[in-house]
Asker: 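First, the structure itself, so that you have it in front of you.
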Amino acid sequence: MGGTRLSYDIESWKVDRVWDKGDLYRKKEYERETLVRTEHILVEFGGIRAVDDVSIKVDRGEILGIIGPNGAGKTSLLNVISGFYKPKHGKVYYKGVDITRLPPHLRVKLGISRTFQHSELFMGMNVIENIMTGLHPWRKGNTLSYALWTPGVMKWEEWAREKAEHVIDLLDLHEYRYHIVGSLPPGVQKRVDLARALAQDPEVVFMDEPMAGLTREEKEDLVRAIIEVYETRGITFVLVEHDLEVVTDICDRIIVMDFGKVIAEGRPDEVVNHPLVVKAYLGG
Amino acid sequence: MPAGVFKETYRADMAHLRYPIHYAGLLIGSVLALTAPLYLKGYYLDQAILFMIFLIAAVGLNITLGLAGLVSLAHAALMGAGAYTVALLALKAGVNAILAIPLAGLAAAGLGFILSLPSFKLKGYYLAMASLAAQFILEYIYSLIAPEQYISIPFETKEIAGIFFGEGIPLYYLALAITIVLLLAAANIARGSLGRAMKAVRDNDVAAEIVGINVTMTKALAFTIGGFYAGVAGGLYALYSAGVGWEGFTLLVSIELLGMVLIGGPGRVVWGSMLGVLVLKTGWTNLESSLNPLLTGMGLDIIASTAKYIVLGTLIAVFIILEPEGLIAVLRRIKEYLRLWPYSY
């Protein structure tokens, strides 16, 4: 179930294998593999079906957009995939393995990371600490070895710090490194949120309305960051988003949801002209 | 030429001692602590020992409350668990009281783990209420152990190699050694991944779960470690006291410890706790001993007996409202001011 990325050690990071993976994706010399698949997901809140019999798949190496009006069930679906909601019915598969009942913290170890609509960062910590917290699932050593600060713990902490700095470089967060996250503007917080997810060296990142509440400049910065990460590290992205302009610009494929159901799926140009999508968005 | 202090490795950036002032502080602190029995005698040496005992307990509570954000009103009861473990082992099984201190820590850690169980489902006020219930239950159990008397620890169990560790200089150095080890361990836990996980649970437990932190285990760990510290402090307290009685571990002591953490600096496990204990334990005890005769002389006996709690309550309220980061934040601001002086920024 774990795959190769669970052998997450300092040496493998040093050879920078993730960059090689990015090159591989750019050349398109790989076979598309389905990373995440949901089957007939049903989520109900007090009798209201937030997600109604939804089956989707996310292929490796794509940027998938999930769009839909408010209350369409996009975030609920994302919460099911990241393990925060347990579906009333249906299954979630990751690389063909059923993970429906797996707790969220273990899904992260498999390679599923996510960001939040309202940056759910640790507001009392600085940027570096926030990013390093994302690496906690891979920590080495028990409580006693942390209390004694053994050489193994020291080495791991240095590795985690190096990894955090690497992501800080990637997302251009240098100047905010020691800033308490709660004091940063929303655009930077979104980037820190993405940085925390990327530090986990995920195979797929689910981003919940990353553009919400951002200015045009902040949106451009974030889109640039996503594309750069996608191109250089070959990470699969799933954007749950309202901003149609952003989604149609950068996504390979779009899934449209309305009233908890998938109403359309396909290439951006196909989807935006789909009669059901037009109806859902314009109410016409 | 670069101006300022630059660190060239991550190891140097994460070290406890990062600036020249840290080394100077360590040197001065070590000399003062090691030579204290030369200039502190009798009552004042006892005050130093009590300071260290309460410092260990406050550090434990700072891990549970300050780092992990889990309110515990049963910390004194956990101290009691440690004290009773030492007392009963020494009295009933003849175990050396000094060697029983680690066992006291383990016993209280186990109890701390049990106290953590409500935190899996409860937060904030509800968790505080659950810990309050635990405090009362434990107080009741302690009162049953020795209903009308203190448990006296046999003198001979307080000796190792003919040295009596129940008072004075030997007890001071024993407490100092234990304090240094436990403070270092707490600082290590706070600066590492475990400390960050606890802070993450404190700041946003939903996000903590999503980024891959086992929230339940982290909460249990925070209570267990806090319990261990309280147990060791209680064990030392048993060694220091002539007898162990439940009156030493009441709710008021729990609130006092809570005040030490909140006023000193929640989340700043070593320096915050140290400031809190310095103000509320050492500072207050000395102020009380000089003020009380004066108040009693003026016929204000009632104020003399309750002044401590009036001041404690007021201070907690003032700090929660005006300076939630505690005295340590005030000191940090003064330090920044002095660093930048004569410029304002």
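Just so you know, these numbers use all the heavy atoms, side chains as well, and skip hydrogens, waters and symmetry mates. First the proteins, then the strands, lettered A, B, ... as listed; each starts at 1.
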Asker: To the nearest 0.5 Å, how far apart are CG in A:Asn130 and NZ in B:Lys199?
Answerer: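 A:Asn130 atom CG to B:Lys199 atom NZ measures 10.0 Å (nearest 0.5 Å).
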
Asker: Indicate the atoms forming the closest heavy-atom contact of A:Phe116 with B:Ala207, along with that distance.
Answerer: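 Closest heavy-atom pair between A:Phe116 and B:Ala207: CZ-CA, 4.2 Å.
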
Asker: Return the CD1 to CE distance between A:Ile128 and B:Met14, rounded to the nearest 0.5 Å.
Answerer: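 The distance works out to 9.5 Å.
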
Asker: Are the side chains of A:Glu120 and B:Val211 in touch, meaning some heavy atoms are under 4.5 Å apart?
Answerer: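 A:Glu120 vs B:Val211: side chains apart.
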
Asker: Heavy atoms only, distances under 4.5 angstrom: which of A:Glu129, A:Arg114, A:Arg107, A:Glu158 has the most pairs with chain B? Name it, please.
Answerer: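 Ranked by contacts with chain B, first place is A:Glu158.
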
Asker: Please check this pair: side chain of A:Glu157 against backbone of B:Gly192, looking for a donor-acceptor N/O pair closer than 3.5 Å.
Answerer: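 Not confirmed, A:Glu157 side chain does not pair with B:Gly192 backbone.
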
Asker: Would you indicate whether A:Ile48, at its atom CD1, is surrounded by more than 12 heavy atoms from other residues, nucleotides or ligands within a distance under 6.0 Å?
Answerer: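 No - once you tally the heavy atoms of other residues, nucleotides and ligands closer than 6.0 Å, there are 12 at most.
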
Asker: In this structure, are over 12 heavy atoms from other groups packed under 6.0 Å from A:Tyr93 atom OH?
Answerer: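 Buried by this count: over 12 neighbours within 6.0 Å.
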
Asker: For A:Met123, is it the side chain, the backbone, both or neither that has a heavy atom under 4.5 Å from a heavy atom of chain B?
Answerer: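 Looking at A:Met123, just its backbone touches chain B.
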
Asker: So for B:Ile225, is it side chain, backbone, both, or neither that comes closer than 4.5 Å to the heavy atoms of chain A?
Answerer: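 Looking at B:Ile225, just its side chain touches chain A.
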
Asker: Please find the pair of heavy atoms, one from A:Pro137 and one from B:Gly212, that lie closest to each other, and give the distance.
Answerer: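 Closest heavy-atom pair between A:Pro137 and B:Gly212: CG-O, 3.2 Å.
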
Asker: In Å and rounded to the nearest 0.5 Å, what is the CG to CG distance from B:Asn214 to A:Leu106?
Answerer: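 Output value for this atom pair is 7.5 Å.
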
Asker: At a 4.5 Å cut-off on heavy atoms, which part of B:Met198 comes close to chain A: side chain, backbone, both, or neither?
Answerer: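 Nothing of B:Met198, per the 4.5 Å heavy-atom cut-off to chain A.
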
Asker: Tell me, out of A:Ala197, A:Gly182, A:Gly124, who's got the most heavy-atom pairs with chain B below 4.5 Å.
Answerer: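 When all of A:Ala197, A:Gly182, A:Gly124 are compared, A:Gly124 has the most.
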
Asker: Please say whether more than 12 non-hydrogen atoms of neighbouring residues, nucleotides or ligands are located less than 6.0 Å from OH in A:Tyr178.
Answerer: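 Atom OH in A:Tyr178 is crowded, with more than 12 foreign heavy atoms closer than 6.0 Å.
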
Asker: Would you mind telling me which of B:Arg202, B:Arg191, B:Glu209 has the largest number of heavy-atom pairs within less than 4.5 Å of chain A?
Answerer: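 Heavy-atom pairs under 4.5 Å are most numerous for B:Arg191.
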
Asker: Under 4.5 Å from any heavy atom of chain A, what part of B:Ala208 do you find: side chain, backbone, both or neither?
Answerer: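 Contact with chain A: backbone and side chain both.
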
Asker: In terms of heavy-atom proximity below 4.5 Å to chain B, should A:Thr133 be classed as side chain, backbone, both, or neither?
Answerer: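 Both backbone and side chain of A:Thr133 come within 4.5 Å of chain B.
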
Asker: Counting neighbours of NZ on A:Lys86 that are heavy atoms of other residues, nucleotides or ligands and sit closer than 6.0 Å, is the number greater than 12?
Answerer: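 Correct, the count exceeds 12.
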
Asker: Checking heavy atoms, do the side chain of B:Leu221, its backbone, both or neither come under 4.5 Å from chain A?
Answerer: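 Only the side chain of B:Leu221 comes within 4.5 Å of chain A.
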
Asker: Taking C-beta and beyond as the side chain, do B:Val206 and A:Phe84 meet within less than 4.5 Å on heavy atoms?
Answerer: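 Result yes, sub-4.5 Å side-chain heavy-atom pair found.
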
Asker: Is there side-chain contact between B:Arg196 and A:His136, with heavy atoms separated by less than 4.5 Å?
Answerer: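 SC-SC contact between B:Arg196 and A:His136 ruled out.
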
Asker: If you look at every heavy atom in B:Tyr10 and A:Glu162, which pair is closest and at what distance?
Answerer: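 Scanning both residues, the minimum pair turns out to be CE1-CA, 3.7 Å.
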
Asker: Tell me whether B:Ile21 at atom CD1 has more than 12 heavy atoms from other residues, nucleotides or ligands lying less than 6.0 Å away.
Answerer: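 No - once you tally the heavy atoms of other residues, nucleotides and ligands closer than 6.0 Å, there are 12 at most.
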
Asker: Can you say whether A:Leu121 sits under 4.5 Å from chain B via the side chain, the backbone, both, or neither, judging by heavy atoms?
Answerer: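 For A:Leu121, the contact with chain B is made by the backbone alone.
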
Asker: Measure the shortest side-chain to side-chain distance between A:Tyr146 and B:Asn188 over non-hydrogen atoms and say whether it is less than 4.5 angstrom.
Answerer: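 Not touching, per the 4.5 Å side-chain cut-off.
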
Asker: Within a strict 4.5 Å, meaning less than it, do heavy atoms of the B:Ile210 and A:Ser82 side chains meet?
Answerer: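 They are in side-chain contact.
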
Asker: Just so I understand: if I count every heavy-atom pair under 4.5 Å between each of B:Asp203, B:Thr9, B:Asp13 and chain A, which residue has the most?
Answerer: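 So the answer, after comparing B:Asp203, B:Thr9, B:Asp13, is B:Asp203.
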
